[in-house]
Participant: 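Following this message is one structure expressed as structure tokens.
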Amino acid sequence: FGFILNGDSKGYTLVIAKQDKTIIIPATCKELPVTAIGNSAFSGCSTLTSITIPDSVTNIGSYTFRGCSSLTSITIPDSVTSIGNFAFAYCSKLTSITIPDGVTSIGDSAFWYRSSLESVTIGNGVTSISYYAFSGCSSLEEIKFKDMASYCQINGLSNVDQNKVYIGGQKLTEMTSIVIPDGVTSIVDNAFYNCSSLTSVTIGDGVTSISYQAFIGCSSLTSITIPDSVTSISNSAFSGCSSLTDITFEGTKAQWNAIRKGNKWNVFTIDYTIHCTDGDI
């Protein structure tokens, strides 16, 4: 292994490793913890089949395992908080991976063109999945989220079939009712695109914005509860909600009218009533 001392002089980053089939990364170097796997550290290690990462590591850099075409097994410890761009691109033999709760961000194209990847489990700590993270994963059958809070706040899933998304063990497109918890601050673009089984939604108090096409095509949605914390509803957010009859807004009529509403936010809906605390609209 080759290591460099971190800038804070409190730990080491692994920057290069020899070609081998099985690798166990040491937890320490010169009595200091190994806290990161550097950019491209194992890039192109075509013989690598399995690797053990110690729980001292907090960061997996960009391109770290890119092109490790024989890698069949990897366990990411709970200590890891970020996974860099293209970190596991072209790891063509990995069939499943679990992102632990400690990870908060997954970089651009992190799992680009992993043709054998069938299942991904994403921990509760993840709040950001960058664009093209799972692009080219042609065998991907399911992306599992432990709860709704992490799913609603994650960007970069626009290229993933919603029929392959599972939340708490249930397929997203088969859910009939959803309660978005108070910890969520925004509902991201296309979050519930064409969830045609969905009939009711309750949005928690923390949400301030409902993003682009968030509920577009939810043709069975009849009722939704929106908190008074919401200040904006983006373009086409409820477009095609052709069964919507009741919106319960937990604020006044003046507050509802003050919400910034995007172009065609409610196009292709029927007549509906907005129930406010001081009367109906």
Side-chain angles (χ1 to χ4, degrees), residues 106 111 117-122 126-181 184-204 207-227 230 232-249 259 261-274:
I106 300 172
F111 301 94
L117 186 64
E118 298 174 355
S119 176
V120 176
T121 299
I122 297 174
V126 174
T127 58
S128 172
I129 295 179
S130 297
Y131 291 104
Y132 307 111
F134 300 99
S135 181
C137 294
S138 56
S139 300
L140 188 60
E141 288 300 322
E142 58 183 16
I143 297 181
K144 295 180 283 188
F145 291 86
K146 293 181 179 179
D147 62 31
M148 184 66 66
S150 55
Y151 172 76
C152 287
Q153 298 187 90
I154 288 176
N155 288 295
L157 287 178
S158 58
N159 62 331
V160 173
D161 185 350
Q162 297 288 57
N163 285 305
K164 296 178 179 179
V165 175
Y166 292 75
I167 299 173
Q170 185 176 3
K171 184 181 289 189
L172 175 62
T173 52
E174 295 178 354
M175 288 184 173
T176 58
S177 64
I178 288 173
V179 176
I180 298 171
V184 175
T185 57
S186 65
I187 300 171
V188 297
D189 295 355
N190 302 296
F192 302 99
Y193 181 88
N194 278 349
C195 289
S196 57
S197 296
L198 193 60
T199 61
S200 67
V201 174
T202 300
I203 300 175
V207 173
T208 59
S209 63
I210 301 174
S211 298
Y212 176 68
Q213 295 187 345
F215 295 95
I216 190 171
C218 293
S219 55
S220 298
L221 184 63
T222 60
S223 64
I224 186 164
T225 299
I226 299 175
V230 169
S232 66
I233 300 174
S234 296
N235 296 354
S236 304
F238 295 100
S239 175
C241 293
S242 53
S243 299
L244 185 63
T245 57
D246 294 278
I247 296 176
T248 299
F249 178 64
I259 293 174
K261 301 177 183 71
N263 186 40
K264 298 181 180 180
W265 73 275
N266 61 347
V267 71
F268 303 124
T269 56
I270 58 175
D271 290 339
Y272 55 84
T273 302
I274 303 162

Participant: What is the minimum heavy-atom distance between Tyr212 and Ser234, and which atoms define it?
Facilitator: N-CB, 3.4 Å
Participant: So, does Ser220 use its side chain to make a donor-acceptor pair with the main chain of Ser196 at under 3.5 Å?
Facilitator: yes
Participant: For a quick check under 3.5 Å, do Thr185 and Gln153 share a side-chain donor-acceptor pair by atom type?
Facilitator: yes
Participant: Applying the side-chain contact (heavy atoms from CB on, under 4.5 Å) test to Val184, which of Thr208, Ile203, Val207 qualifies?
Facilitator: Val207
Participant: Using 30° and 60° as the class limits, which term best fits the ring planes of Trp265 and Tyr272: parallel, tilted or perpendicular?
Facilitator: perpendicular
Participant: Determine the interplanar angle of the Phe238 and Phe215 rings, folded into 0 to 90°, and report it as parallel if under 30°, tilted if 30 to 60°, perpendicular if over 60°.
Facilitator: parallel
Participant: Shortest non-hydrogen contact from Ala237 to Ser211?
Facilitator: CB-O, 3.9 Å
Participant: Considering all heavy atoms of both residues, which atom of Lys171 and which atom of Tyr166 are nearest to each other, and what is their separation?
Facilitator: CE-OH, 3.5 Å
Participant: Show the nearest heavy-atom pair for residues Ser243 and Ser219, with the distance to one decimal.
Facilitator: OG-O, 2.6 Å
Participant: When you compare the side chain of Met148 with that of Pro181, does any pair of heavy atoms fall below 4.5 Å?
Facilitator: yes
Participant: For a 4.5 angstrom cut-off between non-hydrogen side-chain atoms, does Leu172 reach Ile178?
Facilitator: yes
Participant: Where do Ser119 and Leu140 come nearest, in terms of heavy atoms and distance?
Facilitator: N-CD1, 4.0 Å
Participant: Under the 3.5 angstrom rule, does the side chain of Gln162 hit a backbone N or O of Ala191 as a donor-acceptor pair?
Facilitator: yes
Participant: Would you say Ser223 and Thr248 make side-chain contact, with heavy atoms under 4.5 Å?
Facilitator: no
